[in-house]
Structures are given as C-alpha cells and as structure tokens.
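Report on one structure; see the data block that follows.
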There are 2 protein chains.
Amino acid sequence: MIDPANILRTHDLKHTKQRVRVLEEIALDTAAISQPELEKKLGKEIDRVTLYRILNTYEDKGILHRIMDMNGTANYAICSASCTEHHHHDEHVHFNCTTCSKIYCLEVNVPRIKMPQGFTATTVTSTAYGVCEKCNSSAVH
Amino acid sequence: MIDPANILRTHDLKHTKQRVRVLEEIALDTAAISQPELEKKLGKEIDRVTLYRILNTYEDKGILHRIMDMNGTANYAICSASCTEHHHHDEHVHFNCTTCSKIYCLEVNVPRIKMPQGFTATTVTSTAYGVCEKCNSSAVH
DNA sequence: ACTTTTTTGCAATGAAATTGCATTTACTAA
DNA sequence: TTAGTAAATGCAATTTCATTGCAAAAAAGT
C-alpha cells in the first residue's frame, strides 16, 4: 500500500489533509480514477478548485500520471517509482474498459516502434480498448 | 487528393458548402487538425455549432477519425478507406509532435500486444511523442 | 417551381476549468 | 509553545468549451 505522508515528504510537499485524502482515494483502486469521479467522491470534503490544483501539482511532481480517455476526460493513477519530476516513465499499456470505462495501467511494456525517417520519438504510449477482467467475469455466461 | 463531393455522395450526406469546406480544410495538411484550429480557420464562414455537428457526423460515418491529444483536445484526420460507419480501423501509430503539437497518422501498424489474463482487447492504439520531420529539419544545427 | 426533409445559425443554457483574493493552515525558528 | 511567514485552501467571479431548442435557410426529389 502507499503511504501518503511519505510521498508528500519525499516530494517536498506540505502535508495537508486534502492532499492526503486525494492520494488515499486514488490508491483505493488499482484502476485509474477520473477527475469527475474524484470530484464526486471528494466534493464534500475538498473544494473543486483545490482538487484541480492538487492533481496538477501531483502530476508536475511525478506522483500521478494523467491519462486522457476517449472523451478527453483526465484520469489519474499513481506513478510507478521510476517517474520523476522531470520525466514520466509512462511506457506501459493503458487498458480502457468499454463497459465500466475504467482505465487500468497494465504491467506490459510497449514494444519498440520504428519511426519513419525524420521523426524522433521520446515516448510511446499504448491504449487498448476492450473489456476488463472484472466486467468479463461478471458478464452473463 | 480527396474529393469532398464524392465523399459526401458515398456516405449519403447532403452536399452543403459548409461540409465541403470542412473536408477541404482538413485535407490541406497531412497532419491532423485540432478542433480549435479548425474553428479559427473556418469560424468566419461556419458557425461554431455547425462545425461541431459536421465533425460529429463525419466521425459517425467513418469519414474522419478523432484523436485526443494530451490536453484532451480533439484532432481530426481523414480516415483511410477501410473505415466504415460501424468500425474505425484506426490501428496505426499517431505521432504527436511536442514542438508544433501536430498529430500525424503514421503508416506504421500498432504492434500486437498480449493482454493479461481476463482482459480482452478489441482495439489498440499507439501514440508516440517526440519531434516531427518538419520540426526536426527546421531545428538549429 | 413546389414540397418535404435536412441543415444551418442564433440564442440560451449547461458544464468544465481558471483566476484573484481573503482566510486558513502548515512549517520554522525563537 | 508560540509567533511569524510562506503556502494551500475555499469562495466568488470569470472564462472557455460544448450542447440544446428552435426558426430560417438550403438541399433533393417530384
């Protein structure tokens, strides 16, 4: 499990109950959580604006990474240890469930892709659309 | 080059000057064009709302595909011939230039990725971030 | 040219995100 | 422990972006 207090300390961020709550909430599920969902869950405790600001600083610091879904909605997941303030190592596959619309960060590396002449890639991300484990197993047989 | 009139005819869409203009504008560049850019270019001729509607019907019909960039902004590119009303064959690599922020559809297939147990993927997309051909060649040497 | 159906433009509405500022909270050092 | 200061939060206002309803205009067929 994650340790919010420790994460804040190692990133030189002040310890506030709002920041802790955001991390706790995101850590609850292995799937990424969308900004609207977060707002729904935390809206009573944390102001809308504050939530935006916390998510932004977390992204800047390399604590969370932001995954855009098909609708342009931001989803957030906790970064792996290799993410730093200056570079997100986000080169795994994002699985976008078309049933529950959750996004999972899969522990699968994105294969190397050969770029055409002139194009130099620094990062490659991959998104798969389909049905996730949970939705598959709860489907009618 | 593309033939707007023909595209509209084959998709059972009425021929209007606004629809033709949108297709013309998008066909100008090999790169995808963002909704805000389109709006800037066509805003004088076409109403904002009409533009939204045209882009939506084009997407529904499989004429354009929509690519979300990092900021959640929609970008549009003309679909390859294999796209149909019911399924977009969008399985090529999208190159997102971090300098000019244009998006290119590369003629490179998305590599096959093995999904973890329980996850079934129907579509996989791949996005590369880096510097495009044009920006590379215009860079200071 | 007339009629029907669809598309367009405008106004209004709704939703999402950002900014400025006063208040509150966390941290530091006495 | 407490005072001081730097930062974070909450609120109000604003801006930006997208959608809806409806009347007017335009397209296609007869």
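Hydrogens, waters and symmetry mates are skipped; everything else that's a heavy atom, side chains included, is used. The sequence lines fix the lettering, A, B, ..., with proteins before strands; numbering per chain opens at 1. On a predicted model such as this, the values are computed, not experimentally measured, just so you know.
Nucleic acid contact class of R48(A) (heavy atoms, under 4.0 Å, all strands): base. Note on E45(B): only backbone sugar-phosphate atoms sit closer than 4.0 angstrom, heavy atoms only; bases stay farther off. Using a 4.0 Å heavy-atom distance criterion, T50(B) is classed as a base contact. Across all strands shown, R53(A) has heavy atoms under 4.0 Å from base atoms, whether or not it also approaches the sugar-phosphate.
Between E107(B) and P116(A), every side-chain heavy-atom pair lies at or beyond the 4.5 Å cut-off. The shortest distance between side-chain heavy atoms of H94(B) and S126(B) does not fall below 4.5 Å. In this structure, R66(B) and Q35(B) have side chains that are not in contact, with every pair of non-hydrogen atoms separated by 4.5 Å or more. With a 4.5 Å cut-off on side-chain heavy atoms, E45(A) and K17(A) do not count as touching. The shortest distance between side-chain heavy atoms of Y104(B) and E133(B) does not fall below 4.5 Å. Counting only heavy atoms from C-beta outward, the side chains of R53(A) and Q18(A) never approach each other to under 4.5 Å.
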Is there a ring pair (Phe, Tyr, Trp, His ring centres under 6.0 Å) between Y58(B) and Y76(B)? Walk through the geometry before answering. CA-CA 10 Å; Y58(B) 282 176; Y76(B) 293 91; 9.2 Å; no

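Classification of K40(B) and E37(B) as a salt-bridged pair fails, no side-chain N sitting under 4.0 Å from a carboxylate O.
The span of DNA chain D lying next to chain B, judged by atoms under 4.0 Å from heavy atoms, is bounded 5' to 3' by dC17(D) to dA28(D). Between chain B and DNA chain C, the heavy-atom contact criterion of under 4.0 Å yields a 5' to 3' nucleotide range of dT6(C) to dA11(C).
Take the nearest nucleotide of DNA chain D for K14(B) and for Q18(A): the residue whose nucleotide is more 5' is Q18(A).
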